[in-house]
Colleague: 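Below is one structure. I have some questions about it.
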Amino acid sequence: MCGIHGIVNLDGSPVAAQDLRAMSEVTRHRGPDDAGFHADGACVIGMNRLSIIDVTGGHQPIANEDDTAWVVCNGEIYNFRELTAELRTRGHRFRTHSDSEILVHAYEEWGDDFLRRLNGMFGFALWDARRRRLLVGRDRLGIKPIYVHETAKRIAFASEAKAILALPDVSAHIDIRGLHAYLQLGYVPSPQSMFEGIRKLPAATLLSVQDGRVEERTYWRLPDTADAATREEQWVERVRDGLRRSVRMQMVSDVPIGAFLSGGVDSSAVVGHMAHASGQPIKTYAIGFEGGKAEDLYNELPHARRIAELFGTDHHEIVVRPDVVGLLPRLLWHMDEPIADSAFVTTYLVSEFARRDVTVILSGVGGDELFGGYMRYLGSHYASRFERLPGWVKQGARAVGRALPSDRHSGALNVMRLAKGFLASSELSFEERYRSYVQLMPSQFASRLLRATPATPFDVIHTAFQRAHGADGLNRMLTVDSLTQLPDDLLMLTDKMSMAVSLECRVPLLDHELVEMAAVVPEAIKIKGGRLKHLMKAALADLLPQDILERKKRGFGVPMGAWLRGPLSGVVDSLLGKAALDRRGYFDPVAVSEIVALHRARREDFTDVLLALVNFEVWARLYVDGRDHADVADELRECVT
C-alpha cells in the first residue's frame, strides 16, 4: 500500500527532479515507511510506501531481471504467490518476496493481458524502457484511485489530486461540469474531477503513453446475462464458498491485521470468516456516538459487541462526540474533492482508532451493491404492487406522500421519508426512478442553484445505464452502482480516509471473482419476496444469528441532519449566507436560503444537499483559496452554537 505518482514528457525531454519531489512530499501520509523513484529521461515514476508484504525487502520501484521494466504499485495483489510460482516455472527470477514485483514479470510474460491474471486492488505505473512506454492502470472495481493531468507536452498522474496540484504549472480551478455533477450526486463521478484539467482514471482502465500518443482502454466489464439455470441452493453454496475464499485470501499480511465491525450483515460476515480462518482472536474495531436520540439511532455498538462475543474477537470500542467543524477541513483536504456522504467522517474516526494497533483492516464495504441491500432495489417490487391499486387510491396516496415530513433521525420519521420518496417517484420510468433514489437533487434543481451552468452537463447515470445491458432490472441497477457510486463515493472515501492515517483497508466482498458470480444471479434469488440480500443471508445462515441477518440496515454515517439543524446551524448560516455565497460566486443565495428553510422546518430532508454545499465551501477555502485546514477549522469553531 502506498501513494504513487509520476510524469512523462511527451516530447521526450527530461523530467525535472524537483517536480517529483513535490508530488511525493504532499502525499507522505500514504506511505510513511519508505519512498523511492526511478528516472529514465522523459519518464519518472515514484512512490511513498506503507510496508505490508516483504516489509524489509519490498522497496519500490521494483525492476525485472535486466532493469528494462520498472513498476510502482499502490495496493495488494492477493494471488501473487500462485503467480510467482507459475512465472518461476517459465524462467522468471524474482529479487524480492513483494507482491508488487509480480507486475513486471507478468507484463513480460503476457503483455497488457497480464491485468486479467491479477486478483487484487491496485493502482500502478509501469515503465517499459525498451519500448519507451508507460502504462498506468487501475483495478477492476476502482478500489484504488488514480488522477491524471494531461497537456500537449506532458502526462502527470498520482494517487491523489493534491500531488498533481503540487506541480508548479497546475492550479486549482473549479470545473463547472464537475460541480454540476457533484450537486446532483454528492460526489464527483469519473472521469470528472472538481479540478479543471484533472481527471480520474475510471475503474478497470489501462492508460498507455508511447511515442507521444495517449490511449485508454477498458480491460474488464461485469457480465450482463443472468444465469437462470442454476438453482437457488446451488447459488447459496457458491456464494458461501466465494465469501470464505475471498476473506481468507485477503488476510495475507506481514503486519498486524484487524477488521471494522458495525454489527451489520456485511462486516459481521467478514469477521466471522476471519475468525474461522485465524488461529488467534481477530482484532475488531467499532465506533459509537455520544448525544441524544439522533446519535442513538446511529449507535451500533451493542450489535457489534454481540458479534465480537460470538466469534471471540479482541474487540475495541470508541464512543465519541466528534469535533465536526475541527475535522471537516482536515478530512476534506485528505479527500481531494468535496463529498456529501457523512460516512467519510465515521470512516476516518474508526480508521484513526484502529491504526493504534494494526496496519491492515478488512471492511464489509460492497455487500449491498453486490447482493441488493439498499431500499432503492425494492422500488420495482413495490411499484408493481402499487400499480394494481385503483387510480383514486394512488392519487390519494401521492397527495399524502407530498404532505409527509422528511427526516431520517428517528425510525418512524425515516420510514415516512422513504415512503415520501417512493410515492414521488412511482410514476417515473425505471431509469428515472433509480435516479430519483440516488441523486441529491434533479439536474434542473442543480442548474437553479448554480449561477452559471455547463453547456454540456455530464450525466453519469444515463451513461452508466447505456452500459448496463440485460433484462434483469436489479442487476442493471447494481451495474450502474458499480460504475458510479461504488468507486467514486464509497471506495474513494474508504481509500482516502484510511490512508489519511496510513491504514490499508481491504474489501473482500469486492473480490472480482465474487463480483462476477453475483452479477449473474437472477433478481428473484438475490432479493426474494421483498427480502433484501436474500441470497447472501441464506449463504450466511450457518455463520450468523438470525436477528443479525434480519436487522434493519443503518448507514455508516453520523446524524448530520440533526447537527445541521442544531449545533452546526451557525456554521450553515456562516458558510451559506448571502455574503459567503456572493464572495464565492457559484450559488444563488435565494435558492440556497429556501433549501435551508425547508430543511429546518422538516418539510424536506436536505441533509445531503446542505452537507454538499457546506463541504464545497470548506473545500474551496482549502484548495481554491489556499488556506491551511487548521486556520479554516478555527474560523468554523467560532460559528458553532
Side-chain angles (χ1 to χ4, degrees), residues 138-146 175 177-194 199-206 216-226 337 339-341 365-380 425 428-444 446 454 456-494 507 510 512 515-516 518-521 523 526-527 608 612:
R138 193 174 177 199
D139 64 72
R140 295 170 179 85
L141 277 302
I143 302 168
K144 296 285 100 183
I146 292 181
D175 187 308
R177 294 182 81 205
L179 177 56
H180 188 265
Y182 167 71
L183 290 178
Q184 293 177 71
L185 298 171
Y187 59 90
V188 184
S190 298
Q192 295 289 141
S193 87
M194 193 62 85
R199 69 180 189 273
K200 290 192 278 281
L201 193 68
T205 298
L206 181 66
E216 288 184 21
R217 70 176 180 88
T218 301
Y219 65 85
W220 179 83
R221 296 180 189 273
L222 275 174
D224 55 23
T225 302
E337 301 175 85
I339 191 169
D341 188 338
V365 167
D368 292 314
E369 291 77 10
L370 218 59
F371 294 104
Y374 296 125
M375 288 297 294
R376 63 175 176 262
Y377 301 139
L378 293 177
S380 297
S425 65
L428 300 177
S429 67
F430 179 75
E431 180 178 327
E432 291 305 311
R433 186 164 62 239
Y434 171 90
R435 186 192 300 272
S436 74
Y437 294 152
V438 300
Q439 67 186 3
L440 268 62
M441 64 182 79
S443 176
Q444 306 93 305
T456 55
F458 180 53
D459 189 349
V460 67
I461 299 297
H462 180 67
T463 301
F465 264 104
Q466 289 183 316
R467 291 179 57 183
H469 306 294
D472 190 314
L474 173 63
N475 284 333
R476 288 189 72 204
M477 287 191 284
L478 296 175
T479 297
V480 172
D481 282 345
S482 75
L483 294 169
T484 56
Q485 184 181 41
L486 183 62
D488 296 324
D489 178 357
L490 297 178
L491 292 174
M492 185 67 78
L493 74 86
T494 298
V507 284
L510 293 177
H512 80 270
V515 170
E516 289 172 345
V520 299
V521 178
E523 175 178 356
K526 270 186 188 157
I527 295 179
D608 297 331

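Since the model is a prediction, treat every value here as computed from it, not as a measurement.
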Colleague: Does the separation of the ring centres of Tyr374 and Tyr437 fall below 6.0 angstrom?
Modeller: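 No, ring centres 6.0 Å or more apart.
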
Colleague: So, taking the atom named CD1 in Ile143 and the one named CE in Met492, what distance separates them when rounded to the nearest 0.5 Å?
Modeller: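 Answer for the CD1-CE pair, Ile143 versus Met492, is 12.5 Å.
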
Colleague: Please find the pair of heavy atoms, one from Leu440 and one from Ala612, that lie closest to each other, and give the distance.
Modeller: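 Nearest pair, atom of Leu440 first, then Ala612: CD2-CB, 3.7 Å.
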
Colleague: Under a 3.5 Å cutoff, is there a donor and acceptor pairing between the side chains of His512 and Glu516?
Modeller: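 No pair is found: no donor N or O on one side chain lies under 3.5 Å from an acceptor on the other.
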
Colleague: Could you tell me whether Asp459 and Arg435 make a salt bridge, using a distance below 4.0 angstrom between a side-chain N and a carboxylate O?
Modeller: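 Judged by the 4.0 Å cut-off on N to carboxylate O distance, Asp459 and Arg435 do form a salt bridge.
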
Colleague: Is there a side-chain contact between Asp224 and Thr479 (heavy atoms, below 4.5 Å)?
Modeller: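 Side chain of Asp224 against side chain of Thr479, heavy atoms only: no contact under 4.5 Å found.
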
Colleague: As an exercise, state the distance from CZ of Arg476 to CG of Asp481, rounded to the nearest 0.5 Å.
Modeller: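 One finds 12.5 Å between CZ of Arg476 and CG of Asp481.
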
Colleague: Could you report the tightest heavy-atom contact between Pro454 and Pro457, atom names first, then the distance?
Modeller: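 Smallest heavy-atom distance, with atoms named: O-CD, 3.7 Å.
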
Colleague: Once you round to the nearest 0.5 Å, how far does NZ of Lys526 lie from CD of Glu523?
Modeller: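 Lys526 NZ to Glu523 CD: 9.0 Å, rounded to 0.5 Å.
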
Colleague: Should Arg376 and Ser436 be marked as a side-chain contact (heavy atoms from CB on, under 4.5 Å) after you check the CA-CA gap, both sets of side-chain angles, and the distance that decides it?
Modeller: CA-CA 9 Å; Arg376 63 175 176 262; Ser436 74; over 6 Å; no

Colleague: Indicate yes or no: at least one non-hydrogen side-chain atom of Trp220 is less than 4.5 angstrom from one of Asp139.
Modeller: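 Not in contact.
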
Colleague: When rounded to the nearest 0.5 angstrom, what distance separates CD in Gln184 from CG in Leu179?
Modeller: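 Those atoms lie 10.5 Å apart.
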
Colleague: Does the side chain of Tyr187 come within less than 4.5 Å of Asp341's, by heavy atoms?
Modeller: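 No, their side chains stay 4.5 Å or more apart.
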
Colleague: Do you know which of Thr484, Thr205, Asp488 makes side chain to side chain donor-acceptor pair (under 3.5 Å) with Ser190?
Modeller: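 Passing option: Asp488.
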
Colleague: Compare every heavy atom of Ala226 with every heavy atom of Asp472, then report the nearest pair and how far apart it is.
Modeller: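 Result for this residue pair: OD2-CB, 4.2 Å.
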
Colleague: Taking the side chain as C-beta and beyond, is there a heavy-atom pair between Pro145 and Lys200 under 4.5 Å?
Modeller: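 Answer no - side chains too far apart.
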
Colleague: Between Asp175 and Phe458, is there a side-chain heavy-atom distance shorter than 4.5 Å?
Modeller: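 The answer is no; the side chains never approach within 4.5 Å.
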
Colleague: So which atom in Arg138 and which in Ala203 form the shortest heavy-atom distance, rounded to 0.1 Å?
Modeller: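 For Arg138 and Ala203, the tightest heavy-atom pair comes out as NH1-N, 3.6 Å.
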
Colleague: Taking C-beta and beyond as the side chain, do Leu490 and Glu369 meet within less than 4.5 Å on heavy atoms?
Modeller: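 Touching, per the 4.5 Å side-chain cut-off.
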
Colleague: So which heavy atom on Asp368 is nearest to which on Leu478, and how close?
Modeller: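 Smallest interatomic distance, heavy atoms only, reads O-CD2, 4.2 Å.
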
Colleague: Supply the atom-to-atom distance Ser482 OG to Arg221 CZ, rounded to the nearest 0.5 angstrom.
Modeller: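 With rounding to 0.5 Å, OG (Ser482) is 11.0 Å from CZ (Arg221).
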
Colleague: Distance check, rounded to the nearest 0.5 Å: Leu483 atom CG versus Leu141 atom CG?
Modeller: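 Interatomic distance, Leu483 CG to Leu141 CG, rounded to 0.5 Å: 10.0 Å.
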
Colleague: Could you check whether any side-chain heavy atom of Met194 comes within less than 4.5 Å of a side-chain heavy atom of Tyr182, counting everything from C-beta outward?
Modeller: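 In short, these two side chains touch, coming nearer than 4.5 Å.
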
Colleague: Apply side-chain contact (heavy atoms from CB on, under 4.5 Å) to Val520 and Thr225, showing your working.
Modeller: CA-CA 6 Å; Val520 299; Thr225 302; 5.9 Å; no

Colleague: Before giving the answer on side-chain contact (heavy atoms from CB on, under 4.5 Å), spell out for Asp489 and Ile339 the whole-Å C-alpha distance, their side-chain angles and the decisive distance to 0.1 Å.
Modeller: CA-CA 8 Å; Asp489 178 357; Ile339 191 169; 3.4 Å; yes

Colleague: Locate the shortest heavy-atom distance separating Ala518 from Asn475; write the atom from each residue and the value.
Modeller: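 Where Ala518 meets Asn475 most closely, the heavy atoms are O-OD1, 4.3 Å.
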
